[in-house]
Amino acid sequence: MLEEWERARRERAAVEKKLPPLPGAVEGKVVTRFAPNPDFAIHLGNARPAVLSYEYARMYKGKFILRFEDTDPRIKAPLPEAYEAIREDLRWLGIRWDEEYIQSLRMEVYYEVARKLIERGGAYVDDMPGEEFRRYRDEGRLERYPPRLRSVEDNLELWDKMLEGAFGEGEAVLRVKTDPSHPDPSVRDWVAFRIIDTSRSPHPLVGDRYVVWPTYNFAAAVDDHLLGITHVLRAREHMQNTVKQIFLYKHMGWQYPHVIHFGRLKLEGMIMSKSAMKEIAGAEGLARIDDPRFATIAGLRRRGIVAETIKKIILDVGVKQTDASISYANLASLNRSIVDPKARRYMVVVDPIPLLVVDLPWEKKVFEIPFHPGQNLGSRRIVVEGPQTTLYISASDLSLLRRGAIVRLMEAFNIEIVEVGRELVKARYHSESLEEARRHRAQIIQWVPAKENVEVEVLKPEGLVLSREQGLGEPALASASVGEICQFVRYGFVRIDQVLRGESESRTRIVAIYAHD
RNA sequence: GCCGCGGUAGUAUAGCCCGGCCAAGUAUGCGGGCCUCUCGAGCCCGUGACCCGGGUUCAAAUCCCGGCCGCGGCACCA
């Protein structure tokens, strides 16, 4: 019987979600990439293409490339610190990349391709005002748009002038020739290069060295080919871009990689949009990118969500084209199952109420309590003085206490309640064994010695609100380390965010962030 | 408005390409029970879905058409 359960359990574990096969994938030949814009930290939504691309590359023993797409120093100006922040988040997620590229450092490459494209008659310089182009385009007269009819020679000459800085911002662009009557107007002769006055908006990496900048569609398309990307995994919002880029590939005689589009990934009850984060940061003045209310990778990490959880949830959601809205309960449950066997248990009382216990049959007793009920995670000792002592219990447990009730102080002894007040609870020693507690159907509650304890503050993210709870923790908490994910017994899983050691050992103060039940 | 893509339980996902084995599987949530020195974990039972309408077929979640709903794109952003 037991064996059967065991087997069923193992089978269930083996049903681990697998990624569907990639179309046209050949083992050892798959090359994928993650191409973030380093203008912000990455969040769960961005982590999706990163994790999927990386996992597919691994699955086929291929190559995974990290590429920073920082070709807009004006509207989406890169943040110098974002490059490293993104690398850190990826490393934390367990993602390793075989090659790394930064587009702003590859400008000559794009210029070269642009020249070839012009030579092939696939692009032209448009030095007319934007409204003029739009008029021709929207009236279906794009075939007769004068700049489009220019000779290759003239285009090359104008292109050189662009590069030399003869045009100011908005005065000229290089356009890729597409189907002039494509049903989607935005596809018609899309812009490959535009001019950005980098003396006014310098690029954090290359300053004002360049004024002619490739657009996303040009740079990404060129790099995907040059770097030998075989499979592109990207969100659905890029569908039209795929259509646009294929025109470039046709001009160049390149083969377009396989593309997989997936829907959006939202995390219910968490802040995910850049603007909302900035709003909060602005309003409170102190919110950081790793604010535990944010669905940034840094925010989730700080909250005690483990990398494995994020990877699993992304693999579980897979590559469907529909949007997915993950509930936090689901994420929490997954995280709990990973973290539970490794998390030390600590006793913390929130909103402490003093408990005076008399008639203790000892002068001093040391309780040795394991850090985990099942796993071997070591133990700690808690000293209780006698014949009378003061402890703290949680105010939330007050409702369990009535005169005459038997209550067990977890992992220690049983008491009989004598008097319950809001300021003080009085009790007397009853017995020590757990069996005795069971016999009286005693409630088991956590407790903290009054003589030695640490101050605890818990930050609880709840949607837009970050509430705080104050409490006291058992002495062992003083040696907890920052980053440790543990469980406050009968309270929930938390991550230790700060450990502030005071003058005396006994006045340690810790700040924890609530993760989930 | 114009282009495009989707719609399986509260949430997520499997099945859809190659119709029948699907009166639809799994996880989570929810309800109940057991177990446990935690309101955690574990175990058992239950709950609950194929957007709607036509068509094709002996047979449709799976194929076709229409509708409805949702999402994305329509930048000299990525």
Side-chain angles (χ1 to χ4, degrees), chain A residues 5 8-9 12 15 17-18 20 35-40 46 69-72 74-78 103 126 130 133-134 138 169-175 182-188 190-196 212-217 219-220 234-244 261 263-266 268 312-313 315-318 320-334 336-337 339-341 343 345-347 369-370 372-375 396-397 408-414 433-435 437-438 442-446 487-493 516-517:
Chain A
W5 285 348
R9 209 166 141 187
R12 217 165 308 147
V15 180
K17 171 86 196 221
K18 267 178 289 173
N37 178 344
D39 68 337
F40 206 69
N46 309 325
E69 302 201 322
D70 57 348
T71 60
D72 182 8
R74 186 179 42 183
I75 299 167
K76 284 200 175 166
Q103 290 191 321
D126 177 3
F133 169 82
R134 256 163 268 143
D138 298 340
E169 235 173 56
E171 288 175 6
V173 294
L174 186 76
R175 289 185 183 278
H182 188 96
D184 182 345
S186 80
V187 171
R188 318 217 261 251
W190 53 272
V191 172
F193 287 85
R194 79 292 207 190
I195 287 160
I196 294 171
V212 178
W213 287 84
T215 57
Y216 161 78
N217 272 311
R234 53 157 84 117
R236 244 172 24 154
E237 66 215 51
H238 287 292
M239 277 181 159
Q240 300 309 309
N241 291 327
T242 303
V243 174
K244 293 178 190 179
H261 294 286
R264 276 201 177 177
L265 188 57
K266 281 174 285 188
E268 210 172 83
K312 271 198 175 152
I313 205 98
L315 294 180
D316 186 50
V317 169
K320 283 222 316 187
Q321 279 204 34
T322 41
D323 291 351
S325 172
I326 307 290
S327 64
Y328 188 75
N330 217 137
L331 186 85
S333 149
L334 197 49
R336 190 187 298 120
S337 69
V339 138
D340 183 84
R345 270 53 176 177
Y346 292 104
M347 294 195 287
I369 307 173
H372 196 284
Q375 312 291 321
S396 58
D397 284 330
R408 177 162 180 83
L409 299 176
M410 194 172 160
E411 297 278 5
F413 52 93
N414 312 318
S433 74
L434 176 62
E435 290 66 39
R438 288 234 174 88
Q443 291 280 351
I444 296 168
I445 64 172
Q446 74 276 28
Q487 189 203 46
F488 289 172
V489 171
R490 299 210 305 143
Y491 182 84
F493 289 88
H516 45 73
D517 289 344

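Throughout, protein chains are lettered first and strands after them, A, B, ... in sequence-line order, and every chain is numbered starting at 1.
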Measure from CG on A:Leu315 to C1' on B:A27 and round the result to the nearest Å. 15 Å
Expressed in whole Å, how much space separates the C1' atoms belonging to B:A27 and B:A75? 42 Å
Over all heavy atoms of both residues, which pair between A:Pro341 and A:Arg336 is shortest? Give the atoms and the distance, please. CD-O, 4.5 Å
Nearest-Å distance once atom C1' is located in both B:A23 and B:A59: 15 Å
Donor-acceptor pair present, A:Glu268 side chain and B:U11 base, under 3.5 Å: no
Select base, sugar-phosphate, or nothing to describe what A:Phe493 touches, counting heavy atoms under 4.0 Å on all strands. sugar-phosphate
Could you go step by step and tell me if A:Arg74 and A:Glu169 meet the side chain to side chain contact (heavy atoms under 4.5 Å, CB included) rule? CA-CA 11 Å; A:Arg74 186 179 42 183; A:Glu169 235 173 56; 2.9 Å; yes
What's the closest nucleotide to the side chain of A:Ser327 if the choices are B:U11, B:G40, B:U13? B:U11
Taking B:G25 as the reference, what is the distance to B:C2 when you measure between their P atoms (whole Å, please)? 42 Å
note: A:Gln321, atom CD; B:G6, atom P; distance rounded to Å ~ 5 Å
Measure the distance from CE on A:Met347 to P on B:G40 and round it to the nearest whole Å. 18 Å
Find out whether A:Asp316 and A:Lys312 are in side-chain contact, i.e. whether some heavy atom of one side chain is under 4.5 Å from a heavy atom of the other. no
With nearest nucleotides of RNA chain B determined for A:Pro183 and A:Met410 from heavy-atom distances, which residue corresponds to the more 5′ nucleotide? A:Pro183
Span that lies between the P atom of B:A49 and that of B:U26, in whole angstrom: 15 Å
Which nucleotide, B:G6, B:U38, B:A12, lies nearest any side-chain atom of A:Ala324? B:A12
I need the CG-C1' distance between A:Leu434 and B:U38, as an integer number of Å. 13 Å
Criterion side chain to side chain donor-acceptor pair (under 3.5 Å) on A:Asn217 and A:Thr215, from CA distance to verdict: CA-CA 5 Å; A:Asn217 272 311; A:Thr215 57; 5.6 Å; no
Under-4.0 Å side-chain N/O to phosphate OP1/OP2 contact, A:Lys320 with B:G6: no
Do the non-hydrogen side-chain atoms of A:Gln443 and A:Asp397 ever get within less than 4.5 Å of each other? no
Can you measure A:Leu334 atom CG to B:U28 atom P for me and round it to whole angstrom units? 9 Å
Pick base, sugar-phosphate or nothing for A:Gln487, based on heavy-atom distances below 4.0 Å to the nucleic acid. base
Mind checking A:Pro341 for me? I need base, sugar-phosphate or nothing, with any heavy atom below 4.0 Å counting as a touch. nothing
With heavy-atom distances below 4.5 Å as the criterion, would you say the side chains of A:Val317 and A:Leu265 are in contact? yes
Please give the stem ranges for RNA chain B, sorted by first residue number, where a stem is three or more consecutive Watson-Crick or G-U pairs and both donor-acceptor distances are under 3.5 Å. B:1-7 with B:68-74, B:10-13 with B:25-28, B:29-34 with B:42-47, B:51-55 with B:63-67
Do the side chains of A:Ile445 and A:Leu409 get nearer than 4.5 Å, heavy atoms only? yes
Taken to the nearest 0.5 Å, the spacing of A:Asn414 CG from A:Leu434 CG works out to 7.5 Å
Angle class for the A:Tyr346/A:Phe488 ring planes (parallel below 30°, perpendicular above 60°, tilted otherwise)? perpendicular
Take nucleotides 72-78 of chain B nucleotide by nucleotide from the 5' end and write B, S or -, depending on whether a protein heavy atom sits under 4.0 Å from the base, only from the sugar-phosphate, or from neither. BSS-BBB
Quickly work out the A:Leu265 CG to B:C71 C1' distance and round it to whole Å. 14 Å
Rounded distance in Å - CG (A:Asp340) to C1' (B:G42): 10 Å
Mind checking if A:Arg336 touches a base, just sugar-phosphate, or nothing, with heavy atoms under 4.0 Å? sugar-phosphate
Does some side-chain heavy atom of A:Arg345 sit less than 4.5 Å from a side-chain heavy atom of A:Met410? no
Please give the distance between the P atoms of B:G6 and B:C17 as a whole number of Å. 15 Å
Nucleotide B:G10, atom P - distance to CD1 of A:Ile326 in whole Å: 16 Å
Taking atom P in both B:C52 and B:U8, compute the distance separating them and give it to the nearest angstrom. 11 Å
If we take the C1' atom in both B:C44 and B:G66, what is their distance in whole Å? 48 Å
What one should report as the nearest heavy-atom pair of A:Ser327 and A:Glu268 is CB-OE1, 3.6 Å
Does A:Asp397 reach a base, just sugar-phosphate, or nothing at all? Heavy atoms under 4.0 Å. base
Taking atom C1' in both B:C77 and B:A60, compute the distance separating them and give it to the nearest angstrom. 45 Å
